[in-house]
Amino acid sequence: MGWRATSDVAGFLAVAGDFLRAERARHTVMLSVTESLRANQPRHGAGAAADPDRSPVFGWWADNADSGETPHVTGAFMHTPPFPLLVTAVPAEAAADLAATTLAGRPVAGVNSYEETAAAFAAAWRERTGCRVDVHRRMRLYRLAELSWPDPRPAGAPRIATEADAALVTGWFNAFAMEVDDAADADQAAAVRDMMSYGGVTLWETDGTPAALAGVTRQVAGMVRVAPVYTPPELRGHGYASAVTAEVSRAALADGADEVLLYTDLANPVSNSIYQRIGYQPVEDRVVLTFSAR
């Protein structure tokens with residue numbers, strides 16, 4: 001048994017795709033990110049080669065890794081800097097081995113996984129690097145059950161964002177990343193271009209002025225995830241975020257998705273409450289740990 005790693009997203013999906021799709025909700029981020037990378041692969045190739053430390057890397061854990069047979073995949077990881085390492089649920093020894101061998105020498109700013117897996121990886125990473133480990137965020141995954149519109153429904157109406165909205169949407173993506181302290185140095189303009197290319201950003205407008213937005217990932221394995229959801233601080237408290245989230249959820253179902261998901265920060269009681277009121281139910285929790293110099 002052991003890890004195998006690759007920078008080839010198509011090759012990774014060829015080996016680990018069935019494993020990821022078998023529990024698509026648990027693996028929603030890995031599935032949606034790799035789908036976007038696959039869709040944009042021609043555009044990403046040159047930049048990735050120029051800076052290997054910032055290029056995506058993927059891997060799978062197989063209990064027959066050295067047998068020469070078709071890998072029996074039971075775990076996977078994805079590292080897409082500047083975001084933390086993302087790891088599926090794997091045994092503690094597999095998580096420790098990932099830190100000690102497979103990713104040794106690669107800059108890793110943190111890990112996003114289940115409590116036991118994240119703790120095992122972080123302990124091995126701290127032993128190897130001497131870093132400090134802190135809890136950055138505890139998250140909860142929600143799945144849409146039966147959609148309920150906000151009552152009362154706020155004023156305004158939804159519309160799909162267009163190229164004319166790109167500057168506004170990019171600014172709001174940046175504001176969201178800064179507010180939640182989530183890889184604020186990531187290229188939000190590129191994320192916006194990608195999401196808008198498939199109609200993935202919806203604005204809620206009041207009196208012709210955007211008041212909130214919600215994004216959705218590409219549909220993959222019959223599943224989409226809502227992210228991000230943002231309302232400027234001065235427009236909060238009117239139900240715009242609930243309404244735009246309900247709209248993109250409705251649209252995802254109408255477009256054929258049979259599972260709609262989203263993550264919340266457990267430290268934010270407001271978001272956890274409003275999503276449950278429109279029909280989302282808890283699935284499971286994850287933790288993000290960050291690494292820094294002592």
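Residue numbers count from 1 along this sequence.
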Phe173 side chain near Pro228 side chain, heavy-atom distance below 4.5 Å: yes

Under 3.5 Å, side chain of [X] to main-chain N/O of [Y], donor-acceptor pair present?
| X | Y | answer |
| --- | --- | --- |
| Ser271 | Asn268 | yes |
| Asp8 | Ala10 | yes |
| Thr28 | Ala25 | no |
| Thr217 | Arg225 | yes |
| Thr202 | Ile160 | no |
| Asp187 | Ala190 | yes |
| Ser242 | Ile274 | no |
| Asn64 | Thr70 | yes |

Using a strict cut-off of less than 4.0 Å between a Lys/Arg side-chain nitrogen and an Asp/Glu carboxylate oxygen, indicate whether [X] and [Y] qualify as a salt bridge.
| X | Y | result |
| --- | --- | --- |
| Arg236 | Glu179 | yes |
| Asp258 | Arg24 | yes |
| Asp265 | Arg140 | no |
| Asp151 | Arg153 | no |

Just how far is it from atom [atom1] of [X] to atom [atom2] of [Y], taken to the nearest 0.5 Å?
| X | Y | atom1 | atom2 | answer |
| --- | --- | --- | --- | --- |
| Leu147 | Trp149 | CG | CH2 | 7.0 Å |
| Asn112 | Leu85 | CG | CG | 8.5 Å |
| Arg21 | Met30 | CZ | CE | 13.5 Å |
| Met196 | Thr162 | CE | OG1 | 5.5 Å |
| Met178 | Gln188 | CE | CD | 10.5 Å |

Can we call the ring centroids of [X] and [Y] under 6.0 Å apart?
| X | Y | value |
| --- | --- | --- |
| Trp125 | Phe121 | yes |
| Tyr142 | Tyr280 | no |
| Phe77 | Trp61 | no |
| His27 | Phe19 | yes |

Which pair of non-hydrogen atoms, one from [X] and one from [Y], has the smallest distance, and what is that distance?
| X | Y | result |
| --- | --- | --- |
| Thr231 | Ala211 | CG2-O, 3.3 Å |
| Ile278 | Ala246 | CD1-N, 4.0 Å |
| Leu20 | Ala76 | CD2-CB, 4.2 Å |

Aromatic Tyr114 / basic Arg286 pairing, under 6.0 angstrom, 45° off normal: yes

Just by distance, with hydrogens left out, do [X] and [Y] show a side-chain donor and acceptor under 3.5 Å apart?
| X | Y | answer |
| --- | --- | --- |
| Ser273 | Arg277 | yes |
| Asn272 | Thr264 | yes |
| Arg218 | Ser36 | yes |

Same apolar cluster: Val260 and Val216, side chain cutoff 4.5 Å: yes

Those residues that, when tested against His79, pass ring-ring contact (aromatic ring centres under 6.0 Å, His included) (two or more places apart): none

Look at atom [atom1] of [X] and say whether more than 12 heavy atoms of other residues, nucleotides or ligands are closer to it than 6.0 Å.
| X | atom1 | answer |
| --- | --- | --- |
| Arg132 | CZ | no |
| Glu116 | CD | no |
| Glu234 | CD | yes |

